[in-house]
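Before any comments, here is the structure.
These numbers come from a predicted model, not from an experiment.
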Amino acid sequence: QVQLVESGGGLVQAGDSLRLSCAASGRTFSSYAMGWFRQAPGKERNFVAAISLSGLSTYYADSVKGRFTISRDNAKNTVYLQMNSLKPEDTAVYCCASPGAQWVVTSPTRYNYWGQGTQVTVSS
């Protein structure tokens with residue numbers, strides 16, 4: 001069982017940066033891949049980024065590649081999403097998630113553990 005709690009969201013202007021954090025409970029955090037997803041109002045949940053259990057491999061949606069960076073600190077049971085050059089279209093609720101396995105996947109249906117999410121709003 002993994003419990004996830006996100007923080008770091010807020011209201012920013014276009015071009016600003018934010019860093020989201022996701023704190024995980026449980027001793028198995030370092031054994032699991034992790035991911036970030038986002039959901040805008042009236043839209044489906046979309047993959048943003050994922051990271052392997054070691055942190056050596058990362059994957060990004062094309063829409064955020066070059067602007068967002070996912071990282072993890074297994075000693076702190078925390079995964080991060082650094083978001084730079086934010087755009088109004090990045091506005092969404094951002095959730096961290098874990099598939100509960102070591103394999104990195106991008107489909108939300110493959111993730112078993114989810115946080116409640118943190119709101120990110122980017123004004124133009």
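Taking CG of Asn84 as the reference point, atom CZ of Arg67 lies at 9.0 Å (rounded to 0.5 Å). Distance check, rounded to the nearest 0.5 Å: CZ of Arg38 to CD of Glu44 gives 12.0 Å. In this structure, CG in Asn77 is found 7.5 Å from OG in Ser30, a value given to the nearest 0.5 Å.
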*Could you check Lys87 against Asp90 for salt bridge (charged side-chain N to carboxylate O under 4.0 Å, His left out), going step by step and ending with a plain yes or no?*
CA-CA 5 Å; Lys87 305 175 181 180; Asp90 294 319; over 6 Å; no
Evaluation steps, side chain to side chain contact (heavy atoms under 4.5 Å, CB included), between Ser21 and Glu6:
CA-CA 6 Å; Ser21 299; Glu6 303 93 338; over 6 Å; no
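Trp114 places a side-chain heavy atom less than 4.5 Å from the side chain of Phe37. Under the 4.5 Å side-chain criterion, counting only non-hydrogen atoms from C-beta, Phe29 is not in contact with Ser98. Using a 4.5 Å cut-off on side-chain heavy atoms (C-beta onward), Val104 and Tyr59 make contact. Contact check for Ile51 versus Val79: side-chain heavy atoms found under the 4.5 Å cut-off. With a 4.5 Å cut-off on side-chain heavy atoms, Leu4 and Val2 count as touching. Residues Cys96 and Gln116 form no side-chain contact, since every pair of their non-hydrogen atoms from C-beta on lies 4.5 Å or further apart. Val105 has its side chain out of reach of Ser107: every pair of non-hydrogen atoms, C-beta onward, lies at least 4.5 Å apart. Residues Thr69 and Leu81 are not in side-chain contact: their nearest non-hydrogen atoms beyond the backbone lie 4.5 Å or more apart.
A side-chain donor-acceptor contact under 3.5 Å links Asn74 to the backbone of Leu53. Checking side-chain atoms of Gln102 against main-chain N and O of Tyr32 turns up no donor-acceptor pair under 3.5 Å. Distance alone, capped at 3.5 Å, is enough to place a donor-acceptor pair between the Arg72 side chain and the Ser52 backbone. Listed for the Asn112 side chain is a donor-acceptor partner under 3.5 Å among the backbone atoms of Pro99. The main-chain N or O of Thr121 is never found under 3.5 Å from a side-chain atom of Thr91 such that the two would form a donor-acceptor pair.
Under the 4.5 Å side-chain heavy-atom criterion for grouping Ile, Leu, Val, Met, Phe, Trp and Tyr, Tyr80 is not connected to Val93 through any hydrophobic cluster.
Pairing each heavy atom of Ala92 with each of Ala40, the nearest pair is CB-N, 3.8 Å. The two residues Phe47 and Thr106 make their nearest non-hydrogen contact at CB-O, 3.4 Å. Shortest non-hydrogen contact noted between Ala14 and Pro88 is CB-CD, 4.1 Å. Of all heavy-atom pairs spanning Ser85 and Ser17, the tightest one is N-OG, 4.3 Å. When all heavy atoms of Tyr113 and Gly100 are compared, the closest pair comes out as CE1-CA, 3.8 Å.
In this structure, Arg45 forms no cation-pi arrangement with Tyr111, as its terminal cationic atom is not both closer than 6.0 Å to the ring centre and no more than 45° off the ring axis.
Within a 6.0 Å sphere centred on CD of Gln3, other residues, nucleotides and ligands contribute 12 heavy atoms or fewer. Annotation for Lys65: atom NZ counts as buried by contact number, over 12 foreign heavy atoms lying within 6.0 Å.
Val120 pairs by the side chain to side chain contact (heavy atoms under 4.5 Å, CB included) definition with Leu18, Leu20, Met83, Tyr94, Val122, not counting sequence neighbours. By the side chain to side chain contact (heavy atoms under 4.5 Å, CB included) test, Val5 is found to be paired with no residue, residues two or more places apart in sequence or in another chain being considered.
At a cut-off of 3.5 Å, with distance as the only test, no side-chain donor of Asp73 or Thr78 sits close to an acceptor on the other residue.
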